[in-house]
> 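Quick one: this structure, given as structure tokens, is what I'll be asking you about.
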Amino acid sequence: DTGVSQNPRHKITKRGQNVTFRCDPISEHNRLYWYRQTLGQGPEFLTYFQNEAQLEKSRLLSDRFSAERPKGSFSTLEIQRTEQGDSAMYLCASRGGSEKLFFGSGTQLSVL
Amino acid sequence: GENVEQHPSTLSVQEGDSAVIKCTYSDSASNYFPWYKQELGKGPQLIIDIRSNVGEKKDQRIAVTLNKTAKHFSLHITETQPEDSAVYFCAASSYNAGNMLTFGGGTRLMVKP
């Protein structure tokens, strides 16, 4: 257990529904990252927070995706009007003062 | 942006043999190179990392080497055990890019008892 907690572990939804995932990083880590991983591929960067500020967003993050980290602690990732192509593992990671990035166990999303 | 290529995509070895996984990167500004192990249904676990000012780093049975000139780095696992079976990912990042990691495509390592 790395100390990064993600909920839920699994989410099954119907196409067109909205879903929200939560990430609780390691408590002293001020940097938080969201990645997406599809089967057989490496994780792909989505977005990055330093404290509550969202500093970087990938072009993969369409306008249906929104992420927040309101108090610089936990973060949420919301997907609106889900599509089958959104099916993937959504990974959260955090880091403190070093480059070492620690990942949670992920949320596996299946869009039917 | 950074591009990381990893090979082989699958690797099968006998228990006790060594395994080597290789990665190349494209951005000469990259200066941090971690390796992750991912087991089924779990998130990637950091197993070893190396910075660009170091050519080699070892931690028990695992070691990583870096050739900055050729822009490639490798993971070496000696005396492999069945519990080493997993998917391994290399990654690269640079301070200039916000330390965002770019991952390779992964290597599925199978250690046969």
Side-chain angles (χ1 to χ4, degrees), chain A residues 1-10 21 23-26 29-51 53-61 88-110, chain B residues 1-10 21 23-25 27 29-54 57 59 64 66 75 86-109:
Chain A
D1 183 7
T2 63
V4 179
S5 177
Q6 290 189 248
N7 287 289
R9 290 295 312 278
H10 304 274
F21 312 139
C23 172
D24 288 89
I26 295 170
H29 285 183
N30 62 346
R31 295 171 177 86
L32 186 149
Y33 300 76
W34 285 99
Y35 280 78
R36 180 171 69 187
Q37 185 178 27
T38 53
L39 199 61
Q41 303 295 318
E44 295 175 296
F45 169 76
L46 291 178
T47 191
Y48 154 58
F49 290 86
Q50 182 164 327
N51 299 311
Q54 188 173 17
L55 296 185
E56 194 75 31
K57 290 196 289 187
S58 163
R59 283 170 288 185
L60 291 175
L61 210 67
M89 171 83 86
Y90 290 84
L91 292 162
C92 175
S94 71
R95 72 180 184 93
S98 77
E99 299 104 329
K100 296 181 190 294
L101 196 62
F102 297 95
F103 283 86
S105 293
T107 295
Q108 182 66 52
L109 172 66
S110 297
Chain B
E2 176 67 279
N3 183 50
V4 178
E5 300 285 340
Q6 181 172 349
H7 59 94
S9 56
T10 60
I21 302 170
C23 289
T24 60
Y25 62 99
D27 187 353
S30 289
N31 57 5
Y32 176 65
F33 307 92
W35 286 87
Y36 286 84
K37 175 184 180 182
Q38 188 172 28
E39 296 173 328
L40 198 60
K42 297 185 178 181
Q45 176 192 4
L46 179 66
I47 56 171
I48 194 167
D49 56 5
I50 192 168
R51 299 185 71 194
S52 58
N53 57 349
V54 176
K57 184 177 179 181
D59 182 4
V64 58
L66 171 66
L75 178 71
V87 180
Y88 291 80
F89 292 98
C90 63
S93 72
S94 72
Y95 179 80
N96 293 342
N99 287 114
M100 289 168 291
L101 291 176
T102 300
F103 284 82
T107 297
R108 178 171 299 279
L109 174 65

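Just so it is clear: chains get the letters A, B, ... in the order the sequence lines come, proteins before strands, and each one is counted from 1.
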> Hey, what do you get for CG (B:Leu46) to CZ (A:Phe102), rounding to the nearest 0.5 Å?
6.0 Å

> If you take all heavy atoms of A:Gly42 and B:Phe89, which pair is closest and at what distance?
CA-CE2, 3.3 Å

> Would you mind reporting whether B:Leu101 and A:Tyr33 have side-chain heavy atoms less than 4.5 Å apart?
no

> Name, in order of residue number, those residues of residues 89-96 of chain A that have a heavy atom at a distance of less than 4.5 Å from a heavy atom in chain B; otherwise write 'none'.
A:Leu91, A:Arg95

> Testing the basics here: between B:Met100 and A:Phe45, what is the closest heavy-atom pair and its distance to 0.1 Å?
SD-CZ, 3.1 Å

> Using non-hydrogen atoms only, which part of A:Glu44 is less than 4.5 Å away from chain B: side chain, backbone, both, or neither?
neither

> Please classify the contact of B:Pro34 with chain A as side chain, backbone, both or neither, using a heavy-atom distance under 4.5 Å.
neither

> Do other residues, nucleotides or ligands put more than 12 heavy atoms under 6.0 Å from the NZ atom of B:Lys42?
no

> Of all of B:Gly1, B:Gly41, B:Pro44, which one pairs up most often with chain A through heavy atoms under 4.5 Å apart?
B:Pro44

> Under 4.5 Å heavy-atom distance to chain A, tell me which part of B:Gln38 shows up: side chain, backbone, both or neither.
side chain

> Measure distances from B:Arg108 to the heavy atoms of chain A and classify the residue's part below 4.5 Å as side chain, backbone, both or neither.
neither

> Output the option from A:Gln41, A:Gln108, A:Glu99 having the highest count of non-hydrogen pairs under 4.5 Å with chain B.
A:Glu99

> Go through the atoms of A:Arg31 and report whether side chain, backbone, both or neither lie under 4.5 Å from a heavy atom of chain B.
neither

